[in-house]
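In what follows, a structure is listed as structure tokens, so that the remarks can point back to it.
Just so it is clear, the values below take in all heavy atoms, side chains as well, and ignore hydrogens, waters and symmetry mates. Just so it is clear, the structure is predicted and the values come from calculations on it, not from any experiment.
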Amino acid sequence: MEESRNYIQHASTSIRESCVKINDTIEKFKKISEASEDIGKILNIMKSISSQINILGINATIEASKAGSYGAGFGVVAQEIRSLSHMTSESLLRTRTLISYLQDSIHTCSGSMCDNSQTLAGIIHHVEKIKRSFKEFEETALVQKEEINQLHQIMQKLNVSTAQNNETVHNTNAICDNLFINVSELAQMTSNMHSLPAHYNLQ
């Protein structure tokens with residue numbers, strides 16, 4: 001019983017520690033989610049900058065075409081700027097998609113951990129009930145042990161009394177045997193006394 005109680009205590013402590021760790025992880029997930037939202041805001045700013053760069057590239061291309069052969073080199077640079085803006089937009093879109101997936105995963109994991117934390121809290125509740133049951137059982141067992149000890153003492157006294165009674169009965173039987181012998185002898189003596197007058201012709 002003591003080992004079982006210690007095992008339950010150890011299990012309860014381990015579960016509580018697991019709940020604390022899960023709650024800490026949930027808080028970290030919340031912070032990561034908040035950081036992801038901040039990154040999303042930064043991506044919006046970068047998207048706006050990329051759009052402005054693209055507009056600047058278009059304007060530069062138009063101005064380079066107006067300059068004719070003198071603006072040919074500038075037109076190449078403007079085209080590269082537009083290409084870079086397009087690549088940046090695609091990268092931002094992929095990054096946003098990944099962050100969205102990350103946020104969904106974090107939300108799912110956080111929900112699962114909340115459920116696990118609640119489940120563990122329920123397990124702790126049941127473990128505490130088992131602990132109380134063990135304590136009540138132990139108290140009952142101690143009471144029964146004391147009652148059994150008292151009963152054992154009574155039985156020992158009863159055995160002593162029985163032994164004394166047996167000895168008394170044995171002594172009584174011996175006395176009865178002696179008494180029977182004495183009565184038999186007395187009866188014999190009485191019978192002999194009755195035969196005396198006839199033997200001696202006494203009237």
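Side-chain heavy atoms closer than 4.5 Å link hydrophobic residues (I, L, V, M, F, W, Y) into clusters, and following such links, possibly through other members, connects Ile42 to Ile99. Cluster annotation: Ile81 and Ile49 are assigned to the same hydrophobic cluster (Ile/Leu/Val/Met/Phe/Trp/Tyr, side-chain heavy-atom contacts under 4.5 Å, transitive). Under the 4.5 Å side-chain heavy-atom criterion for grouping Ile, Leu, Val, Met, Phe, Trp and Tyr, Ile53 is connected to Ile45 within one hydrophobic cluster.
Interatomic distance, CG of Leu43 versus NZ of Lys47, reported as 10.0 Å (0.5 Å rounding). Between atom CG of residue Leu93 and atom CD of residue Glu90 there is a gap of 8.0 Å, rounded to the nearest 0.5 Å. Atom CD of residue Gln79 and atom CG of residue Leu84 lie 11.5 Å apart, to the nearest 0.5 angstrom. Note that the CZ atom of Arg96 and the OG atom of Ser91 stand 13.0 Å from one another [nearest 0.5 Å]. Between the CD atom in Gln156 and the CG atom in Leu151 there is a gap of 10.5 Å [rounded to 0.5 Å]. The CG atom of Leu102 sits 12.5 Å away from the OG1 atom of Thr97 when rounded to the nearest 0.5 Å.
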Between Val143 and Glu147, does the side-chain contact (heavy atoms from CB on, under 4.5 Å) criterion hold? Intermediate values first, please. CA-CA 6 Å; Val143 172; Glu147 292 176 351; 3.7 Å; yes
What verdict does the side-chain contact (heavy atoms from CB on, under 4.5 Å) test give for Lys41 and Asp38, after you've listed the backbone C-alpha separation in whole Å, the side-chain angles of each residue and the deciding distance to 0.1 Å? CA-CA 5 Å; Lys41 295 176 182 178; Asp38 293 336; 4.3 Å; yes
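Closest heavy-atom contact between Ser85 and Ser50: OG-O, 2.6 Å.
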